[in-house]
Enquirer: 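The structure is given below, and queries will be raised subsequently.
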Amino acid sequence: MKEKEDKLPYVIHYCQNYWLGKYFIGKYRLDSHFLSCETPLLLEPPPDIGLKYDYYIKPGGKPYGTKEKMRQVNVKREQFMICQMIARLNDAATWFKDQTCAEGTANYDKSFIFHHSLDPDNNEGGEKTAKW
């Protein structure tokens with residue numbers, strides 16, 4: 001694993017939204033309270049997410065729940081960015097909580113998603129705001 005990590009880029013330009021299936025990360029969708037003791041961490045996608053989905057469903061798509069097909073080359077790119085960005089944001093939030101939260105008060109639960117459900121066929125509830 002260490003050999004693969006050594007080949008990763010040192011900088012990621014977080015310049016857009018990334019999505020695959022119902023997994024999503026977008027810098028303008030993160031609530032301002034993301035770095036707080038009570039806020040849960042982001043749910044991390046499985047490492048093989050690119051094998052499970054060849055489409056995305058936008059959290060605010062019109063109409064909500066519309067599956068948008070993706071080319072395989074884009075699936076691979078989205079997989080990398082989603083996995084890396086969510087993991088790195090969780091790393092930063094964990095460090096923040098370790099440094100600032102009183103003992104026993106930090107929420108380390110990796111549970112927040114930008115949809116009401118990860119089930120691609122369950123699109124009840126419509127768009128979910130990023131309120132934690």
Enquirer: Which atom pair, heavy atoms only, marks the closest approach of I25 to M85?
Expert: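 Here I25 and M85 meet closest at CG2-CB, 4.2 Å.
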Enquirer: P46 and K52: which non-hydrogen atoms are nearest, and at how many Å?
Expert: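 Taking every non-hydrogen atom into account, CG-NZ, 3.9 Å.
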Enquirer: Quick check on side chain to side chain contact (heavy atoms under 4.5 Å, CB included): which of M81, Q84, R77 does Y18 satisfy it with?
Expert: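 For Y18, the side chain to side chain contact (heavy atoms under 4.5 Å, CB included) test succeeds with only one of M81, Q84, R77, which is M81.
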Enquirer: Could you go through V75 and L20, starting from their C-alpha distance and side-chain angles, then the distance that decides it, and tell me whether this counts as side chain to side chain contact (heavy atoms under 4.5 Å, CB included)?
Expert: CA-CA 7 Å; V75 167; L20 194 52; 4.0 Å; yes
Enquirer: Can you tell me how far apart NZ (K97) and OG1 (T94) are? Round to the nearest 0.5 Å.
Expert: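 One gets 7.0 Å once the value is rounded to the nearest 0.5 Å.
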Enquirer: Evaluate side chain to side chain contact (heavy atoms under 4.5 Å, CB included) for N107 paired with T39, printing each intermediate quantity in order.
Expert: CA-CA 6 Å; N107 184 350; T39 301; over 6 Å; no
Enquirer: Let me confirm one number: the CD-NZ distance from E68 to K58, rounded to the nearest 0.5 Å.
Expert: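 If we round to the nearest 0.5 Å, E68:CD and K58:NZ are 6.5 Å apart.
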Enquirer: Is it true that K67 and D121 have a side-chain N and a carboxylate O under 4.0 angstrom from each other?
Expert: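 Result for this pair is yes, salt bridge flagged.
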Enquirer: Using only atom types and a distance under 3.5 Å, with no angle test, would you say the side chain of E38 pairs donor to acceptor with the backbone of T105?
Expert: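 Not confirmed, E38 side chain does not pair with T105 backbone.
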Enquirer: At their closest point, which heavy atom of F24 faces which heavy atom of I86, and how far apart are they?
Expert: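 Smallest heavy-atom distance, with atoms named: O-CD1, 4.1 Å.
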Enquirer: Run the side chain to side chain donor-acceptor pair (under 3.5 Å) test against N90 and tell me which residues pass, sequence neighbours left out.
Expert: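 Here the qualifying residues are E44.
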Enquirer: Taking side chain to side chain donor-acceptor pair (under 3.5 Å) as the test, write out the residues that go with D48, two or more places apart.
Expert: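 Per chain and number, D48 pairs via side chain to side chain donor-acceptor pair (under 3.5 Å) with no residue.
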Enquirer: Distance from I57 atom CD1 to F114 atom CZ, nearest 0.5 Å?
Expert: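 Between I57 CD1 and F114 CZ, I get 16.0 Å after rounding to 0.5 Å.
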Enquirer: Is there a side-chain contact between L41 and S111 in this structure, where contact means two heavy atoms from C-beta onward sitting under 4.5 Å apart?
Expert: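 They are not in contact (no side-chain heavy atoms under 4.5 Å apart), so the answer is no.
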Enquirer: Go through the structure and list residues passing salt bridge (Lys or Arg N to Asp or Glu O under 4.0 Å) with K76, not counting sequence neighbours.
Expert: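 Residues passing salt bridge (Lys or Arg N to Asp or Glu O under 4.0 Å) with K76: none at all.
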Enquirer: Which residues pass the side chain to side chain donor-acceptor pair (under 3.5 Å) test with D119, not counting sequence neighbours?
Expert: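 Partners of D119 under the side chain to side chain donor-acceptor pair (under 3.5 Å) test: none.
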Enquirer: I'd like to know whether L35 forms a side chain to side chain contact (heavy atoms under 4.5 Å, CB included) with T100, so could you lay out the CA-CA distance, the side-chain angles of the two residues, the decisive distance to 0.1 Å, and finally the verdict.
Expert: CA-CA 10 Å; L35 293 178; T100 62; over 6 Å; no
Enquirer: Once rounded to the nearest 0.5 Å, what's the spacing between atom CZ of F112 and atom CG of L43?
Expert: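 So the gap between those two atoms works out to 10.5 Å.
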Enquirer: Give me the atom names and distance for the closest heavy-atom approach of I82 to P45.
Expert: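 Scanning both residues, the minimum pair turns out to be CG2-CG, 3.7 Å.
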Enquirer: May I have all residue pairs that pass salt bridge (charged side-chain N to carboxylate O under 4.0 Å, His left out) and include part of residues 99-109, sequence neighbours excluded?
Expert: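 Those involving residues 99-109 do not exist here.
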Enquirer: Drop me the distance from L42's CG to I113's CD1, to the nearest 0.5 angstrom.
Expert: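 The CG atom of L42 sits 10.5 Å away from the CD1 atom of I113.
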Enquirer: If we only count heavy atoms from C-beta on, is the Y23 to L118 side-chain gap below 4.5 Å?
Expert: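 With C-beta onward as the side chain, the pair touches.
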Enquirer: Tell me if the aromatic rings of H115 and Y64 count as close, with their centers under 6.0 Å from one another.
Expert: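 Yes, they do, as the ring centres are separated by less than 6.0 Å.
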Enquirer: Show, in sequence, the C-alpha distance, side-chain angles and deciding distance for D98 and Y108, and conclude whether the side chain to side chain contact (heavy atoms under 4.5 Å, CB included) test is met.
Expert: CA-CA 10 Å; D98 289 345; Y108 295 105; 2.5 Å; yes
Enquirer: Under the ring-ring contact (aromatic ring centres under 6.0 Å, His included) definition, can you give me all pairs with a residue in residues 38-59, not counting sequence neighbours?
Expert: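 For residues 38-59: W19-Y56, Y53-Y55.
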Enquirer: What are the two closest non-hydrogen atoms of P59 and R29, and how far apart are they?
Expert: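 Reported closest heavy-atom pair: CB-NH1, 3.7 Å.
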